Amino acid sequence: MSLTPAELTSSVSGGIGSSPQRPDGNLKVRGEYAYASDLWHEDMIWGATLRSPHPYAKILSIDLTEALKVPGVYAVLTHQDVPGRNLYGLEHKDQPVLAEDVVRYQGEPVALVGADHPETALRAMKRIKVEYEVLTPVVDMETAIDDTPLHPGGNLVRHVPIRRGDVSAKADVVVTGRYEVGMQDQAFLGPESGLAVPAEDGGVDLYIATQWLHVDQKQIASALGMPLPKVRLTLSGVGGAFGGREDLSMQVHACLLALHTGKPTKMVYNREESFYGHVHRHPAVLYYEHGADHTGKLVYVKAKIYLDGGAYASSTSAVVANAATLGIGPYEVHNLSIDAWGVYTNNPPCGAMRGFGAVQAAFAYESQMDKLAEALGMDPVDVRIMNAMTEGTLMPTGQVVDSAAPVAQLLKLVKDKPLPPPSGSVGSAGSAGVDLRNLPGGVSNTTHGEGVVRGVGYAVGIKNICFSEGYDDYSTARVRLQVINGEPAALAHTAACEVGQGLVTIMQQIVRSELGVERVTILPMDTSIGNGGSTSASRQTYVTGGAVRAACLAVKDKLAKLAAGRSTTDLVELLGDQVIDETVEWRHRATEPLDPVTGQGNAHVQYGFAAHRAVVDVDIELGVVKVVELDCAQDVGKALNPQAVIGQIQGGSAQGLGLAVMEEIQTAGGKVRNPSFTDYLIPTVLDMPPMSIDVLELADPNAPYGVRGVGEPPTISSTPAIVAAIRNATGLALTRVPVRPEHITNT
Amino acid sequence: MRVNVTVNGEQRQADDVWEGESLLYVLRERLGLPGSKNACEQGECGSCTVYLDDVPVCSCLVAAGQAQDREVRTVEGLAEGDALDPVQEAFVEAGAVQCGFCTPGLVVAAHDLVNRVPDPSDPEIREALAGNLCRCTGYEKILDAVRLAARKKSAQQKSAR
C-alpha cells in the first residue's frame, strides 16, 4: 500500500484559517523581545551621524580636528573612509553613503562619530566643522524638470505615459480638478537602529531592523568593497516599517565604524533623526479631467500626475508606475491619456510607504468621482458602481483583470451598513447633555455640539500586489521535519522580514496545515538562506507563504517515499531518526515591462480592493474634524489568519485617516519644519473611531490558497472617504490632504 | 553620580550616571531592562511608560536622579514568573500586538487603568490610553484587549474571594 502525501498528514490546530497566537506575542508583552534598539554587546561603542543643515549646498571643507580631541571618541569618518562604492540606491545608485562635494537635502549624512557613550558621540559631532556654500534649492515638483539639474542625468527620475483609446471622444459631462497630497511619514515607532559586529574573517555581522535583508546586504557589501559572504545580516526585532525601512539608513554607517574601530558599534536614531533618516511618502500634484455620458458612464479620463521624489530616487520609479497604471482607480474606462512624472528636488527623499503611488492617485480620482456625481445629480456610490471594474475588465495597461474584482459589492457592503446615531448623542458617561469625548475637539471642550455638522463619504481603491513590471520576484524557504523528544517537529527558515505584520504566525500556520505538525519553530531571519524578497507590496503572505508551502510539499514528497510499502501513517514511526530538510525557491507568475510609449503590458501580478465609508462630525467654526465611524469592506482572497487580516485593515485605515486630517511633513524651502511627534501628529486612540469591517474571501486561483495581499488596500480608500465626508458636511471643495482646520474655516 | 532605586521589587544601583541621563536610559542601558521603549524621548508616545511609586510616567521625561530612593515598576515586573499578568494575556489573545514597540507602554498604562477602574467604559479606555501611540493596530484591538483584561481581572478577583 502506498499513501498519498495528503493521507500522511493529520489535521492539527493552529493551521490556516484560524487565528493562533503570535509566536512572539508573549515576549513582546513581557518587554523581552529584542528590538534592534535593545541590542547590546560587550565593549560596544555608539555611532552618531552629522547631517547637513542645508537642503542644497556645496561642501567646501570638513575639519575633524576638534571632534577627534574629545575624550572617548574612537573614530570620526567621512566619505574618504568609504572603502567601496560611495553610491547606493534601491533602483538607481544615486545616493552617497556620506556626502562628498555636495549635499542635496537637509539631513543628508556628512560624517560619522564612534564614541563610548551616545552623548560623547553627539558632543564630538557638534565639533566637526563643515564649510558649506549654500545653493538655491529646487523645491517645486511641477517645474523641477526644467530647473537646475541636481544629478548628472537631470531631474526626471521617470515618466510613465499611458495611451489607450481616444480621449477626444464626446462626453456630456466633464469635470476637472487639481489635487494635492502632502508628504506623509511612516512614523513607525521603533527608530532606525542596528548593531554591527566586526568579525574575525575581516567581515561584519549586522543585526538590523529592515524590510529586506538581501537587498541591504548587496548595497552594504558594495559600499564596503567586500564580497557578499563577508557581510552577514540577521534580522533583529523590527518596530514597524510601512515602507520606511526599504532603503538603507544606518546600515553602512554602523559597519564602517565597526570595521574602522574593530569594536561592535550600535546606532540608534532618535525621533527627530528618524524623520531625516528615512524616505517619506511622495507628495503629489495631480490634474484630472473626467468625461462621462449623461447616464454617468465614464467616456474618458485624462490625468497628469507629478510626484516629488526629493533628493534621491529611492523607489520613485515604481511609485510613478503605480500612480499611472492605477491612476483611474478600480473603474472601467476605455479612452485614456495618463502621464506620471517622478522628479528630483531638494526636498526630503521620498520612497516607499504603504500603498505607494496608489494612495496619491486615489485621493484625486475619488475626489473626481464625487465631483462627477454632483455634476450629474447622481448618488456618489451609484456613479462608482456604474463604472466599477469587474473580473475581465481591461486595465489602463491593457492587462485583463483575471480574478475577482468585487468593486461594486464592496461599495454596496459599506453603503448598506447602519449609520451611527446623530452627533451630540449622550455618550456612555451618561451625564446630562453630550459626552465631550464624542465631539470634535474632545475634552478640549471646544463645542457642546453647536456648529457641528455631520457628513458621510465613500471611496474605493485598487492596489497592485507583489512586485511588477517583469521583476524576478521570489522567496526562498527551508522546511525541516524530524522527530524531537518522541514528537514530530518542524522548523521553517526564510530571510523574509517580520516587521510586526505577523509573517511568523502565517509561516507556522502553513507548516501546521501542510505537514500536520503542531510544533513549528521559526528560525531567525538572516542571510544564511536565500533571498526572501521585500516585506512590501503586500507580498509576504503571497510569496514567502507560497515558498513555505512549496517547501512543505517537497518535504511531503520525501515523506511519501519513506512511506512507500509501509502501512503506518504515524509520522514518528515513519521518520524514525531521519531528518527531511528541503529548501525551495518559489516565484509568482511572471509579469512584463510597460511599453515605454503607450504604457501597455501585463505589468501586475494581482490587484487588491477595499472600500470605505466614513462618517464625520465637523466643527465648522473651528475647522476641527472628528471621524465618528470608519467602515471598510475588503476582499482578501483567503484569510489565512482572520484576526491578523482585521488588524491589517484597522491599522491601514488608521494611516489613511492620518493622511486625511493630520499627517504631513511640512517643508519650507526644502527644510523640514516639524520633525517630532509633538509637531507631526499621528492618530491616537481618541482619533480612531470604531470600525465595522466586512471581509470577502473570493479566492484568486493564481495565488497560494487563493490569498490576495491585505496590507495596503485599506490605506488607499480610507483617506478619500474621510475627505468626501468632510465635503459632504461642509460643502467645501477640499482639494488637498491633509485637510487642515484653516481649509474648513477659510481663515 | 550614583542612583539607588528599587526596580521591580529589587534594590538596584547604577554608577557613573550622567546628570542628563533619563530614567529610561538608566533602565535600558545601565540596569539591563530594555523592555521600556525609546520611540520619541519627549513624552509624546508613551512607549517608555513605567510606574514611579505606583503612578504611570513617561520614563524618558524623568531625570534618573529623580528616581533616587523611589520605586519603579516596569513592564518586565508585571508577570509573575511564567504567568503573565491578565493585561499581558489579553493583549496577546486579542491580537493587540503587532510590531509590539508600543506594547510595553500600553500594557503598563492599561494595567494602571484596570486596577483603578474595574469596568472601564470605552470613552474611559480611550482617555486613559490617549498618551500612548500605536502605528500598527488602529487601536481597535487594543480596546478589545483592555475590555478583555478588565473581565479577566474581575474574574480573578471573584475566584480569589
Side-chain angles (χ1 to χ4, degrees), chain A residues 19 21-22 24-35 37-38 40 117-119 186-191 237-242 268 270-271 427-429 435 437-438 443 499-502 643-644 646-647 649-655 657 676-678 682-686 688 690-691, chain B residues 18 20-21 25 28-29 32-45 47 74-76 78-79 84-85 87-104 107 121-143:
Chain A
S19 301
Q21 292 186 5
R22 305 176 61 102
D24 54 14
N26 277 16
L27 286 175
K28 285 179 173 176
V29 295
R30 297 175 72 101
E32 292 170 1
Y33 184 77
Y35 294 89
S37 54
D38 300 334
W40 185 89
H117 189 287
E119 190 61 30
Q186 298 83 355
F188 42 72
L189 281 203
V238 184
F242 318 116
V268 183
N270 64 19
R271 182 54 52 184
S428 48
D435 187 332
R437 291 172 292 198
N438 294 333
V443 291
V499 301
Q501 81 278 41
Q643 189 186 59
I646 297 291
I649 296 173
Q650 292 165 337
S653 300
Q655 292 182 1
L657 181 149
S676 75
F677 277 168
T678 307
I682 65 172
T684 71
V685 69
L686 287 170
M688 223 8 233
M691 292 187 71
Chain B
W18 284 22
E21 281 178 20
Y25 186 88
R28 289 177 53 80
E29 306 297 340
L33 292 166
S36 310
K37 293 292 173 257
N38 52 339
C40 78
E41 293 177 90
Q42 56 179 177
E44 294 290 349
C45 75
S47 308
T74 72
V75 68
E76 289 102 331
L78 297 183
L84 296 179
D85 182 88
V87 176
Q88 293 172 312
E89 273 177 13
F91 267 69
V92 181
E93 287 169 20
V97 179
Q98 288 189 34
C99 92
F101 209 81
C102 69
T103 304
V107 163
S121 68
D122 281 4
E124 279 172 322
I125 299 173
R126 288 180 189 275
E127 211 174 335
L129 303 186
N132 292 77
L133 296 176
C134 168
R135 189 58 158 167
C136 297
T137 66
Y139 303 102
E140 194 104 328
K141 292 195 182 300
I142 291 170
L143 288 164

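A quick note: this is a predicted structure, and the numbers were derived from the prediction, not measured. In what follows, every chain begins at residue 1, and chains take the letters A, B, ... in the order their sequences are listed.
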Checking heavy atoms, do the side chain of [X], its backbone, both or neither come under 4.5 Å from chain B?
{"X": "Ser653(A)", "value": "neither"}
{"X": "Ser19(A)", "value": "neither"}
{"X": "Leu27(A)", "value": "neither"}

Contacts of Asp38(A) meeting salt bridge (charged side-chain N to carboxylate O under 4.0 Å, His left out) (sequence neighbours excluded), chain-then-number -> Arg28(B), Lys37(B)

So do the side chains of [X] and [Y] get within less than 4.5 Å of each other, counting heavy atoms only?
{"X": "Arg437(A)", "Y": "Glu127(B)", "answer": "yes"}
{"X": "Gln42(B)", "Y": "Asn270(A)", "answer": "no"}
{"X": "Glu21(B)", "Y": "His117(A)", "answer": "yes"}
{"X": "Val268(A)", "Y": "Asn38(B)", "answer": "yes"}
{"X": "Gln655(A)", "Y": "Arg135(B)", "answer": "yes"}
{"X": "Gln501(A)", "Y": "Cys99(B)", "answer": "no"}

Hey, what do you get for [atom1] ([X]) to [atom2] ([Y]), rounding to the nearest 0.5 Å?
{"X": "Arg30(A)", "Y": "Thr103(B)", "atom1": "CZ", "atom2": "OG1", "answer": "14.5 Å"}
{"X": "Glu140(B)", "Y": "Ile649(A)", "atom1": "CD", "atom2": "CD1", "answer": "11.5 Å"}
{"X": "Thr678(A)", "Y": "Glu44(B)", "atom1": "OG1", "atom2": "CD", "answer": "3.5 Å"}
{"X": "Glu76(B)", "Y": "Glu32(A)", "atom1": "CD", "atom2": "CD", "answer": "7.0 Å"}
{"X": "Ile142(B)", "Y": "Met688(A)", "atom1": "CD1", "atom2": "CE", "answer": "11.0 Å"}

Locate the shortest heavy-atom distance separating [X] from [Y]; write the atom from each residue and the value.
{"X": "Ala39(B)", "Y": "Pro191(A)", "value": "CA-CD, 4.5 Å"}
{"X": "Val29(A)", "Y": "Val75(B)", "value": "O-CG2, 3.3 Å"}
{"X": "Ala654(A)", "Y": "Gly138(B)", "value": "CB-CA, 3.7 Å"}
{"X": "Tyr25(B)", "Y": "Pro118(A)", "value": "OH-CD, 3.4 Å"}
{"X": "Cys102(B)", "Y": "Leu189(A)", "value": "CB-CD1, 3.5 Å"}
{"X": "Gly647(A)", "Y": "Gln98(B)", "value": "O-NE2, 3.3 Å"}

Give me the ring orientation class for Tyr35(A) and Phe101(B): parallel if the planes are under 30° apart, tilted from 30 to 60°, perpendicular past 60°.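 If you compare the ring of Tyr35(A) with that of Phe101(B), the planes turn out perpendicular.
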
Does any heavy atom of chain A fall under 4.5 Å from the side chain of [X], the backbone, both, or neither of them?
{"X": "Gln88(B)", "result": "both"}
{"X": "Thr137(B)", "result": "backbone"}
{"X": "Ala79(B)", "result": "side chain"}
{"X": "Leu78(B)", "result": "neither"}
{"X": "Ala94(B)", "result": "backbone"}

Contact winner vs chain B - [options], heavy-atom pairs under 4.5 Å:
{"options": "Pro690(A), Gly502(A), Gly240(A)", "result": "Pro690(A)"}
{"options": "Ser37(A), Ala241(A), Ala34(A)", "result": "Ser37(A)"}
{"options": "Gln21(A), Glu119(A), Lys28(A)", "result": "Lys28(A)"}
{"options": "Gly237(A), Ser676(A), Ala187(A)", "result": "Ala187(A)"}

By the definition side chain to side chain contact (heavy atoms under 4.5 Å, CB included), identify the one residue from Leu129(B), Asn132(B), Leu133(B) that meets it with Val685(A). Leu129(B)

Donor-acceptor check, side chain of Glu29(B) to backbone of Trp40(A), threshold 3.5 angstrom: yes or no?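 Not confirmed, Glu29(B) side chain does not pair with Trp40(A) backbone.
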
List the steps and the verdict of side-chain contact (heavy atoms from CB on, under 4.5 Å) for Asn26(A) and Val92(B). CA-CA 7 Å; Asn26(A) 277 16; Val92(B) 181; 3.8 Å; yes

